[in-house]
Amino acid sequence: MKEKELRRSLSVLPIGTVMKLTGLSARQIRYYEQKNLLAPKRSKGNRRLYSLNDVDRILDIKDYLNAGLKIAEIKHIYDKKRKQAAKQNHRMSGQISDNEARQLLKNELLNIGHLQSDFPDHHNYPV
DNA sequence: CTTCTAACA
DNA sequence: TGTTAGCA
């Protein structure tokens with residue numbers, strides 16, 4: 001893993017900061033976690049600690065919601081990303097088809113290999 | 001002072 | 001979702 005990614009995955013932001021960064025209430029941020037859309041780390045004092053990736057995900061969730069998606073649907077999107085990411089690593093060993101190569105490149109551009117972002121609608125990079 | 005959980009005049 | 005109580 002590259003250090004740039006490591007920093008984005010470092011959980012160091014208290015919920016108060018995330019509130020300002022996302023414009024959401026603590027209630028909402030905690031609610032999304034309860035729905036399993038988030039999994040922030042915890043400090044020794046049991047305080048939630050968010051990473052920049054978490055903030056990005058929260059921003060995405062915010063957009064998905066405004067786009068009319070329901071919590072359950074958003075959850076499914078992330079579950080599928082999870083499997084898709086695992087499938088990529090597993091396939092990394094042998095040769096990949098031309099189609100898979102295109103799919104992989106597209107994922108890179110969509111910033112998915114890192115567990116989030118993308119919506120079949122807006123981001124539509126020519127692959 | 002900030003955050004946490006649980007609960008609802 | 002907001003808000004509030006009672007802790008840590």
Side-chain angles (χ1 to χ4, degrees):
Chain A
M1 185 181 269
K2 296 180 287 292
E3 63 177 78
K4 186 173 183 180
E5 299 170 333
L6 273 171
R7 275 176 303 191
R8 289 185 66 67
S9 60
L10 283 186
S11 301
V12 294
L13 317 180
I15 199 167
T17 301
V18 179
M19 288 174 68
K20 295 174 181 174
L21 261 35
T22 63
L24 294 172
S25 67
R27 181 77 163 80
Q28 293 175 301
I29 298 171
R30 296 191 186 111
Y31 179 69
Y32 301 152
E33 174 184 349
Q34 195 170 32
K35 288 303 177 181
N36 294 309
L37 274 81
L38 295 172
K41 298 295 184 296
R42 293 287 184 130
S43 69
K44 289 185 178 181
N46 195 41
R47 292 184 139 75
R48 273 166 264 252
L49 294 178
Y50 301 84
S51 68
L52 294 175
N53 281 324
D54 289 329
V55 174
D56 284 342
R57 164 169 282 202
I58 293 174
L59 255 17
D60 286 344
I61 292 172
K62 189 182 177 185
D63 289 337
Y64 286 142
L65 255 24
N66 286 322
L69 290 189
K70 288 160 295 190
I71 300 286
E73 300 177 319
I74 299 173
K75 189 194 308 177
H76 281 181
I77 290 177
Y78 290 133
D79 286 343
K80 291 181 180 179
K81 298 295 182 191
R82 240 180 84 284
K83 292 186 177 180
Q84 181 182 295
K87 208 172 185 181
Q88 286 183 187
N89 292 323
H90 176 253
R91 213 160 22 189
M92 206 97 96
S93 43
Q95 278 201 335
I96 61 179
S97 73
D98 224 90
N99 247 310
E100 290 174 326
R102 289 167 180 283
Q103 189 50 46
L104 251 66
L105 174 56
K106 181 175 184 179
N107 290 336
E108 276 298 310
L109 294 173
L110 291 177
N111 207 343
I112 306 178
H114 310 303
L115 205 59
Q116 63 201 182
S117 121
D118 119 288
F119 202 28
D121 280 303
H122 21 126
H123 303 315
N124 235 337
Y125 299 80
V127 174

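Just so we're on the same page: letters track the sequence lines, and every chain starts at 1.
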Visitor: Between atom CD in A:Glu33 and atom P in B:dA6, what is the gap in whole Å?
Guide: 12 Å

Visitor: Rounding to an integer number of Å, can you tell me how far A:Lys41 NZ sits from B:dT3 P?
Guide: 19 Å

Visitor: Return the nearest nucleotide to the side chain of A:Arg47; candidates are B:dT2, B:dT5, C:dT1.
Guide: B:dT2

Visitor: Taking atom P of B:dT5 as reference, at what distance in whole Å does atom CD1 of A:Ile15 sit?
Guide: 9 Å

Visitor: For C:dT3, does the base pair up with any side-chain atom of A:Arg27 as donor and acceptor (N or O, under 3.5 Å, distance only)?
Guide: yes

Visitor: Closest approach of A:Gly68 and A:Glu73, non-hydrogen atoms and distance?
Guide: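 Nearest heavy atoms, A:Gly68 then A:Glu73: O-OE1, 4.5 Å.
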
Visitor: Rounded to whole Å, how long is the line connecting atom CG of A:Leu24 with atom C1' of C:dG2?
Guide: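 Taking atom C1' of C:dG2 as the reference, CG of A:Leu24 is at 14 Å.
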
Visitor: For A:Pro40 and A:Leu49, which heavy atoms make the closest approach, and how far apart are they?
Guide: CB-O, 3.6 Å

Visitor: Check this for me: does any side-chain nitrogen of one of A:Lys2 and A:Glu5 sit under 4.0 Å from a carboxylate oxygen of the other?
Guide: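 Salt bridge: yes.
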
Visitor: Please name the pair of heavy atoms, one in A:Leu52 and one in A:Arg7, separated by the smallest distance, quoted to 0.1 Å.
Guide: CD1-O, 4.5 Å

Visitor: With both distances kept under 3.5 Å, what pairs with B:dT2, Watson-Crick or G-U wobble?
Guide: C:dA8

Visitor: Would you classify A:Ser25 as touching base, sugar-phosphate or nothing, given that sugar-phosphate means primed atoms plus P, OP1 and OP2, and contacts are heavy atoms under 4.0 Å?
Guide: sugar-phosphate

Visitor: Rounded to the Å, how far apart are A:Arg42 CZ and B:dC4 C1'?
Guide: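 In whole Å, B:dC4 C1' lies 7 Å from A:Arg42 CZ.
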
Visitor: To the nearest Å, give me how far apart NZ (A:Lys62) and C1' (C:dT1) are.
Guide: 15 Å

Visitor: If you assign A:Gly45 and A:Leu65 each to the DNA chain C nucleotide with the nearest heavy atom, which residue ends up on the more 5' nucleotide?
Guide: A:Leu65

Visitor: Tell me the interatomic distance from A:Ile29, atom CD1, to B:dT5, atom P, rounded to whole angstroms.
Guide: 13 Å

Visitor: Using a 4.0 Å heavy-atom cut-off, does A:Gly16 contact any base of the nucleic acid, only the sugar-phosphate backbone, or nothing at all?
Guide: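 It contacts sugar-phosphate atoms only.
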
Visitor: Give a yes/no on whether any side-chain N or O of A:Arg30 is located under 4.0 angstrom from OP1 or OP2 of B:dC4.
Guide: yes

Visitor: Separation of A:Asn46 atom CG from B:dT2 atom C1', in whole Å?
Guide: 13 Å

Visitor: Give the minimum heavy-atom separation between A:Lys35 and A:Lys75, together with the two atoms involved.
Guide: O-CE, 3.2 Å

Visitor: Taking any heavy-atom pair under 4.0 Å as a contact, classify A:Tyr50: base, sugar-phosphate, or nothing.
Guide: nothing

